[in-house]
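What you see below is based on every heavy atom in this structure, not just the backbone, and it leaves out hydrogens, waters and symmetry mates.
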Amino acid sequence: MHDGERLPVFPTMSSSLPPLRSPLDLERLLEFEFVRATENAALQSLQWLGRGEKELADAAACSAIYGVFDILDVCGKVVIGEGIKDNAPGIFVGEHLGTWKPGAPRFDIALDPIDGTTNIAKGTPNSISVIAAAQVPEGAPSAMKNIPSFYSHKLAYGPAVKRALKHEGDRCLLDMPLKEVIEFTAKALDKHVRDVVVVTMDRPRHADIVRQVRATGAALRMITDGDITAAVAPSLPESGVDLYVGMGGSPEAVLAAAALKCLGGDMDVRMWFHSEEHRAEVASQVSFEEMTQVWRSDDLVKGESALFCATGISDSPLLPGVRTTGHHVETHSILMRARSGTMRRIHASHNLDKKIVPLRES
């Protein structure tokens, strides 16, 4: 250290500054249990990588997640779960996870034991196991929103674009032509339009998005599945992605919203209907105003609490996949919390001769 140079001083609980929150932060004490669940789900589903059995892979991941929560003292309610779109094996909306002992902290939980089941079945990249959670404040009914439509129109962006939007009057990007959105993003990031990278899923319904992006001269990247990682990517500087846009699963929107709340990015989300029958079904449950409303991360995950963790199964822009070497397996996970603003990347080595993965047998 050079003469006169001072090390940074961080506030402590004993400093003269008032504490920002209670020193007993139960979310902080439990956060690694959530990532242990995604690690175990990745380990259990690895045996099905490339074997063409996405339901069996999903069932293995669900069993591993159940196994962790069966011994965890929380009152967890599944707000976003499996089985909505594709008759998956579980875990379903409304299920209880944890021991539910009296006095245990309440959490709303959103999860996808495998985001990218088709990918894992084919042995292709971009499959992860992911869990998001929010601690429910005392007396509050919930902390997470469940969007009733199968799909939502989503546009995700990073912190710099969020700040620029706030400065410009907080316009809704979904209501702007995509050309203007890309130009706005380029200005916020101090880039040329041609250097803006936009990600969308390779789907027939996105043909107009593809046409509009290419017409601007911006760079286009298309993915086959797994739009949670794509929606989170613009908020990760090393990802090389600036925008994600497309019509994807509504449950995945809530999971991504939890991550964006932790990272300081955001997304615009509105219900999107793949058929008139489904539109009519949703219309019988909610008002027209809600069907056309635009939500952001704070609307989907309410309050100051948000936790997001994911473990790679096959390689994705967010995380490397599982690696096996002899009797050891390496996993790569990401863990983040909104309250502290901390993001951790966890590289773990599991000794298969000693590793015990608790499972719930079906």
**Asked** What is the ring orientation for His274 with His278, classed by angle as parallel under 30°, tilted 30 to 60°, or perpendicular over 60°?
**Response** tilted
**Request:** Flag the pair Phe107 / Phe34 as yes when their ring centroid distance falls below 6.0 Å, and as no otherwise.
**Result:** yes
**Prompt:** Which distance, rounded to the nearest 0.5 Å, do you find between the CG of Asp225 and the CG of Asp115?
**Reply:** 8.0 Å
**Prompt:** So if you build clusters from Ile, Leu, Val, Met, Phe, Trp, Tyr with side-chain heavy-atom gaps below 4.5 Å, do Tyr244 and Ile228 land together?
**Reply:** no
**Asked** When hydrophobic residues are tied together by side-chain contacts of less than 4.5 Å, even through go-betweens, does Val197 share a cluster with Leu236?
**Response** no
**Item:** Straight-line distance of Arg221 CZ to Thr200 OG1, nearest 0.5 Å
**Value:** 13.5 Å
**Prompt:** Does Arg323 come within less than 4.0 Å of Asp315, counting only side-chain N to carboxylate O?
**Reply:** yes
**Asked** Which pair of heavy atoms, one from Thr224 and one from Met201, lies closest together, and at what distance?
**Response** O-SD, 4.5 Å
**Prompt:** For Ser129 and Thr311, does a side-chain donor sit closer than 3.5 Å to a side-chain acceptor?
**Reply:** no
**Message:** As an exercise, state the distance from CG of Leu97 to NZ of Lys77, rounded to the nearest 0.5 Å.
**Reply:** 12.0 Å
**Item:** Value rounded to 0.5 Å, distance of CG in Leu43 from OG1 in Thr38
**Value:** 9.5 Å
**Asked** Can you tell me how far OG1 of Thr324 sits from CG of Leu46, rounded to the nearest 0.5 angstrom?
**Response** 5.0 Å
**Message:** Would you compute the distance between atom OG1 of Thr124 and atom CG of Asn119 and round it to the nearest 0.5 angstrom?
**Reply:** 4.0 Å
